[in-house]
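Remarks on the structure that follows.
Letters A, B, ... mirror the listed sequences (proteins, then strands); counts begin at 1. Only heavy atoms go into these numbers, but all of them, side chains included; no hydrogens, no water, no symmetry mates.
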Amino acid sequence: MNCEITRDTIKIDEIYAKVVRREAGAVTTFIGTVRELTYGRKTLYLEYEAYEEMALKKLEQIVVEMKERWPGVEAAISHRIGRLEISDIAVAIAVSSPHRPEAYEANRYAIERIKEIVPIWKKEHWEDGEKWIGNQRGTKEYVDGIPEEVDLIE
Amino acid sequence: MNKILLFAQLKEQAGSNTLALDVSGKTVKELRDYLESETDLGSLTGIMIAINEEFATDETIINAEDVIALIPPVSGG
């Protein structure tokens, strides 16, 4: 099982261990951490919530998509939920491949897809308030409520 | 009966993480209109709808016992 939604501290070496193998000459890891300052506003802590069953399915879908686009890659993704403090790891992605270009590209793809299709939400807690944060990429409006074709499973 | 799961701001707005409604036979579009007019959730513009853990389009017809989820814009990562 290479993907998980967890309430525990994410350990990078465990994610790395899921993808390292003899065929691989490259392993890339992406680590998403809780940032203190966003446009000058100070975050105290974050709260992540997920539709866990669906989020896990969507993470696994992303791995399938990566393998279709970059045959030969292996990938593992862990996303933490619950209360996270500044600098805690929220998400970790490890990708291995025979050569480095695929490992870099597929890893970038994974984090962008997470921000599009995985039902996980982040609530920012500031000194002076709190708010559930919407789509951070600002690329999707879903104005008619229909996800783009690329967001559906096919 | 259909279970409708709520998350993030919708959950807080409704004060509950589920609604139980019989909406079988309706399309997703009809469900949207129904929720907007009959509940306090307000406008569902920008909210995606998932049925049984998959994103659904407005034309999808809801079956009895389908588990529905209202998915606000995601912000994981």
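Using modelled atom types, no side-chain atom of A:His79 and backbone atom of B:Gly76 make a donor-acceptor pair closer than 3.5 Å.
With a threshold of 4.5 angstrom between heavy atoms, A:Ala55 does not approach chain B through any atom at all. Only the side chain of B:Leu5 comes within contact range of chain A, with heavy atoms under 4.5 Å apart. For chain B, the nearby parts of A:Ile114 are the backbone and the side chain; heavy atoms of each come within less than 4.5 Å. Contact annotation for A:Tyr51: both backbone and side-chain heavy atoms come within less than 4.5 Å of a heavy atom of chain B.
Under the 4.5 Å side-chain contact rule for hydrophobic residues, A:Leu59 and A:Ile111 share a cluster. By the criterion of side-chain heavy atoms lying less than 4.5 angstrom apart, applied directly or through intervening Ile, Leu, Val, Met, Phe, Trp or Tyr residues, B:Tyr34 is grouped together with B:Ile51 in one hydrophobic cluster. Note on B:Leu10 and B:Leu19: same hydrophobic cluster, where clusters join Ile, Leu, Val, Met, Phe, Trp and Tyr whose side-chain heavy atoms are under 4.5 Å apart, directly or indirectly. Connection of A:Val19 to A:Ile10 is not established within any shared hydrophobic cluster, with ILVMFWY side chains joined at heavy-atom distances below 4.5 Å, either directly or through further cluster members. Taking hydrophobic clusters as Ile, Leu, Val, Met, Phe, Trp and Tyr residues chained together by side-chain heavy-atom distances below 4.5 Å, A:Ile15 does not share a cluster with A:Val34.
Atom CG of B:Asp40 has 12 or fewer heavy atoms from other residues, nucleotides or ligands within 6.0 Å. Other residues, nucleotides and ligands place no more than 12 heavy atoms under 6.0 Å from the NE2 atom of A:His99. A 6.0 Å sphere centred on CZ of A:Arg21 holds more than 12 heavy atoms belonging to other residues, nucleotides or ligands. Other residues, nucleotides and ligands place more than 12 heavy atoms under 6.0 Å from the CZ atom of A:Arg41. Residue B:Ile61 places its CD1 atom among 12 or fewer non-hydrogen atoms of other residues, nucleotides or ligands, all under 6.0 Å distant.
At a heavy-atom cut-off of under 4.5 Å, chain B is reached by A:Ala90, A:Val91 from residues 84-95 of chain A, listed in order of number.
Looking at heavy atoms from C-beta onward, B:Val74 lies out of side-chain contact with A:Lys122 at the 4.5 angstrom threshold. Within the 4.5 Å cutoff, side-chain heavy atoms of B:Lys11 are placed close to those of A:Glu49.
A distance of 11.5 Å separates CG in B:Asn52 from CD in A:Glu53, rounded to the nearest 0.5 Å.
Contact check on B:Glu53 versus A:Lys58 returns no salt bridge, with no Lys/Arg side-chain nitrogen under 4.0 Å from an Asp/Glu carboxylate oxygen.
A:Trp121 and B:Gln9 are not linked by any side-chain donor-acceptor pair at a separation below 3.5 angstrom, with hydrogens and angles left out of the test.
Minimum heavy-atom separation, B:Ser75 to A:Ile133: OG-O, 2.9 Å.
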